[in-house]
Amino acid sequence: MAKPFFRLQKFLRRTQFLLFFLTAAYLMTGSLLLLQRARVGLPPGPRAPGALQALPVAAVALGVGLLDSRALHDPRVSPELLLGVDVLRGPLARPRPGPRWLRSRNSELRQLRRRWFHHFKGDPQGPPALGPEAPRPAASSQGTYMGCFGDDGQERTLKGAVFFDLRKMTVSHCQNACAERSYVYAGLEAGAECYCGNRLPAMSMGPEECNHECKGEKSSVCGGVGRLSVYRVEQLQPGSRKRRTVTYRGCFRLLENVTHAFPDSLVQANVTVETCSGFCSQKEFPLAILRGWECYCAYPTPQFNLRDAVDSSLCGQESEAQRLAEYCEVYQTPVQDTRCTDRRFLPTKSKVFVALSSFPGAGNTWARHLIEHATGFYTGSYYFDGTLYNKGFKGEKDHWRSRRTICVKTHESGRREIEMFDSAILLIRNPYRSLVAEFNRKCAGHLGYAADRNWKSKEWPDFVNSYASWWSSHVLDWLRYGKRLLVVHYEELRRSLVPTLREVVAFLNVSVSEERLLCVESNKEGSFRRRGRRPHDLEPFTPAMKDLINGYIRTVDRALRDHNWAGLPREYVPR
């Protein structure tokens with residue numbers, strides 16, 4: 001009986017020694033490969049051939065931090081070992097942060113690799129967030145660096161305009177975006193976020209708090225987590241778009257007590273539209289109201305909104321009667337109405353999972369913009385679109401099932417995909433318009449127009465034949481499988497924004513003030529107006545295409561009525 005136990009004991013001892021030997025060999029080989037990839041060289045001067053290969057294994061281990069640094073003072077350590085240490089810690093190793101495989105073009109991947117590399121080396125400090133040196137304010141920027149400031153999400157002072165860029169954010173990029181909108185300050189946060197405003201934040205921080213490198217500009221400071229690197233915008237960079245100008249909104253009757261109705265005012269001889277608009281822009285008001293020598297700054301309110309315009313000729317009479325009649329000219333300033341720009345994720349997970357469903361090209365992105373500004377909460381997406389994230393849709397990066405967003409964008413129409421949601425806002429748009437908008441997006445992105453060659457190619461009729469039926473099946477599926485629906489027509493949202501948006505907000509079970517809805521109305525376009533040359537007098541639909549689409553329109557109209565909804569607007573069918 002003792003003989004089998006003796007054999008087992010002998011086998012275990014041999015296995016233990018074998019595992020120890022293999023582990024040591026693996027570590028030594030890996031260390032040697034790391035040093036060879038790092039291409040560590042000797043100081044300038046004559047180099048001994050094969051010096052690195054002549055180093056003992058102990059020197060290799062010490063070079064990657066596997067031995068204690070006290071070995072430097074150990075008399076038993078050979079001169080070759082000390083030479084190896086000097087080589088590894090010499091000046092040639094400093095400029096490069098690591099071997100070639102650590103120097104990725106993707107900054108996030110590069111930081112991840114460096115963290116792993118330094119952790120493997122046993123570096124006590126770990127890799128700095130921005131490399132060996134702290135970031136500095138951008139030298140190429142034309143603005144003046146004002147310092148590092150705290151950014152309280154609830155009481156932001158730089159909230160006039162917001163956009164993100166995960167890959168290419170630079171100080172100049174942010175400054176130009178703010179300068180175009182006539183803002184004085186540009187603030188960068190977390191390396192990829194840009195905020196604009198006309199007043200400095202109240203909380204000043206130490207320069208070390210802003211320790212994030214700009215995603216698109218190495219060694220330039222772009223804030224930190226909850227920290228803003230603020231620059232004063234002096235002028236536009238060469239080649240940038242011109243500053244936005246004021247827009248005439250019409251002639252209006254003044255309220256009885258103007259001093260109480262309007263928050264700020266300026267009385268000055270020979271005041272001009274530019275003077276009044278500049279004064280109100282500096283104060284971050286979206287409206288500049290001009291009457292004679294008097295300039296008033298205001299927000300749209302239920303008592304003074306932009307839907308109550310009168311005949312413009314009443315403001316053009318230079319007489320005492322006109323002055324007593326209390327008429328005024330109203331201009332929209334370049335700055336944004338900031339009463340509805342603050343947005344955040346839901347504080348607790350939503351119990352009701354709401355979809356914002358539409359056919360592609362039906363205005364889903366625009367509807368999300370309106371809902372976010374009306375409710376103050378981010379919207380999510382079944383898909384991830386980096387372009388939309390850069391435009392300020394922070395919910396794009398959040399997982400669509402996180403329930404931290406007020407609703408989730410989707411174009412899906414299968415039964416399983418529909419029944420995942422507890423309720424849905426079904427956004428419907430004229431299929432003729434939807435098909436054109438989606439074709440423009442596929443060919444030229446969210447803000448461009450398809451070229452003439454796209455419309456004249458075989459691509460367009462193939463697109464209509466496949467997508468027209470999808471427009472119909474999308475609505476029919478949601479009517480059939482949707483649990484709780486609110487049907488919203490894109491055209492009605494355009495014509496009657498505030499009443500329709502009020503229905504949407506109520507469906508989402510969010511209480512919103514009337515002032516916030518008026519703020520959304522003044523900022524209704526957002527950043528989604530298409531730019532470039534619009535195809536003039538283009539009629540892309542052939543008679544055969546119209547017959548096909550009209551049949552789908554009649555089918556959807558009948559299905560809506562069968563489910564006790566109003567039918568489609570008459571304008572859907574071409575007359």
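Because the structure is a prediction, the values reported are computed rather than measured.
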(request) With the side chain counted from C-beta on, respond yes when Val504 and Ile371 share a heavy-atom pair under 4.5 Å apart, and no when they do not. (result)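 In short, these two side chains touch, coming nearer than 4.5 Å.
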(request) Flag the pair Tyr382 / Ser357 as yes when at least one side-chain heavy-atom distance between them is below 4.5 Å, and no otherwise. (result)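 No, every pair of side-chain atoms sits at 4.5 Å or beyond.
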Expected output: side-chain [X] to main-chain [Y] donor-acceptor under 3.5 Å:
| X | Y | answer |
| --- | --- | --- |
| Thr555 | Gly551 | yes |
| Arg344 | Gly376 | no |
| Asp311 | Leu314 | no |
| Asn454 | Ala450 | no |
| Ser277 | Val273 | no |
| Ser466 | Phe463 | yes |
| Asn440 | Gly445 | no |
| Asn176 | His173 | no |
| Ser513 | Arg516 | yes |
| Asp151 | Leu228 | no |

[Y] versus [X], side-chain donor and acceptor atoms under 3.5 Å:
| X | Y | value |
| --- | --- | --- |
| Tyr185 | Arg232 | yes |
| Tyr331 | Glu329 | yes |
| Thr275 | Thr272 | yes |
| Thr379 | Glu372 | yes |

Any chance the rings of [X] and [Y] have centres within less than 6.0 Å?
| X | Y | value |
| --- | --- | --- |
| Phe252 | Phe304 | yes |
| Tyr552 | Trp471 | no |
| Tyr299 | Phe285 | yes |
| Tyr389 | Phe393 | no |
| Tyr383 | Trp400 | no |
| Tyr432 | Phe541 | yes |

(request) Could you check Val233 against Val184 for side chain to side chain contact (heavy atoms under 4.5 Å, CB included), going step by step and ending with a plain yes or no? (result) CA-CA 5 Å; Val233 179; Val184 177; over 6 Å; no
(request) Could you please spell out the steps behind the side chain to side chain donor-acceptor pair (under 3.5 Å) verdict for Ser473 and Asp477? (result) CA-CA 6 Å; Ser473 64; Asp477 282 357; 5.2 Å; no
Are we looking at SG atoms under 2.5 Å apart for [X] and [Y]?
| X | Y | value |
| --- | --- | --- |
| Cys297 | Cys280 | yes |
| Cys276 | Cys295 | yes |
| Cys194 | Cys178 | no |

Are [X] and [Y] within salt-bridge range, i.e. N to O under 4.0 Å?
| X | Y | result |
| --- | --- | --- |
| Lys458 | Asp462 | yes |
| Asp562 | Arg558 | no |
| Glu491 | Arg433 | no |
| Arg368 | Glu396 | yes |
| Asp385 | Lys409 | no |
| Lys442 | Glu459 | no |
| Glu419 | Arg415 | yes |

(message) Under the criterion side chain to side chain contact (heavy atoms under 4.5 Å, CB included), I'd like the reasoning laid out for Leu476 against Ser472: C-alpha separation, chi angles, the key distance, then a yes or no.
(response) CA-CA 6 Å; Leu476 296 177; Ser472 173; 3.7 Å; yes
Could you pull out the closest heavy-atom pair between [X] and [Y], with the gap in Å?
| X | Y | answer |
| --- | --- | --- |
| Pro300 | Asp337 | CD-OD2, 3.8 Å |
| Tyr183 | Asn198 | CA-OD1, 3.3 Å |
| Gly216 | Thr170 | O-CG2, 3.4 Å |
| Glu217 | Glu213 | O-CG, 3.9 Å |
| Met169 | Gly191 | CB-O, 3.6 Å |
| Ser281 | Thr333 | OG-CB, 3.5 Å |

For the atom pair [atom1] ([X]) and [atom2] ([Y]), what is the distance rounded to the nearest 0.5 Å?
| X | Y | atom1 | atom2 | value |
| --- | --- | --- | --- | --- |
| Leu388 | Ser381 | CG | OG | 7.5 Å |
| Thr301 | Glu514 | OG1 | CD | 10.0 Å |
| Glu189 | Cys222 | CD | SG | 11.0 Å |
| Ser220 | Leu188 | OG | CG | 10.0 Å |

(request) Evaluate the criterion salt bridge (Lys or Arg N to Asp or Glu O under 4.0 Å) for residue pair Arg561 and Asp557; output intermediate values, then yes/no. (result) CA-CA 6 Å; Arg561 296 180 189 277; Asp557 180 76; 3.1 Å; yes
So, is the end of the [X] side chain (NZ or CZ) under 6.0 Å from the ring centre of [Y] and within 45° of the ring's axis?
| X | Y | value |
| --- | --- | --- |
| Arg484 | Phe507 | yes |
| Arg343 | Tyr378 | no |
| Arg291 | Tyr296 | no |

(request) Taking atom CG of Asn509 as the centre, report whether more than 12 heavy atoms of other residues, nucleotides or ligands fall under 6.0 Å from it. (result)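 Counting other residues, nucleotides and ligands, CG of Asn509 stays at 12 neighbours or fewer.
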(message) Could you check whether atom NZ of Lys483 has more than 12 heavy atoms from other residues, nucleotides or ligands sitting under 6.0 Å from it?
(response)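 Correct, the count exceeds 12.
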(message) Before you tell me yes or no, could you show the steps for Val512 and Arg502 under side chain to side chain contact (heavy atoms under 4.5 Å, CB included), namely the whole-Å CA-CA distance, both residues' side-chain angles and the distance that decides it to 0.1 Å?
(response) CA-CA 8 Å; Val512 176; Arg502 194 180 289 115; over 6 Å; no
(request) Using the six-membered ring wherever Trp is involved, compare the ring planes of Phe359 and Trp470 and label them parallel, tilted or perpendicular (cut-offs 30° and 60°). (result)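 Perpendicular.
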(message) Using 30° and 60° as the class boundaries, would you call the ring planes of Phe421 and Trp478 parallel, tilted or perpendicular?
(response)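 Tilted: the ring planes of Phe421 and Trp478 meet at 30° to 60°.
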(request) Show the numbers, then the answer: is there a side chain to side chain contact (heavy atoms under 4.5 Å, CB included) between Val225 and His212? (result) CA-CA 8 Å; Val225 178; His212 275 54; 4.0 Å; yes
(request) Identify which one of Leu501, Leu370, Leu497 satisfies the side-chain contact (heavy atoms from CB on, under 4.5 Å) criterion when paired with Leu517. (result)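 Only match with Leu517 under side-chain contact (heavy atoms from CB on, under 4.5 Å): Leu501.
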(message) Tell me which one of Arg339, Arg307, Arg249 satisfies salt bridge (charged side-chain N to carboxylate O under 4.0 Å, His left out) with Glu521.
(response)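 Among the candidates, only Arg307 passes.
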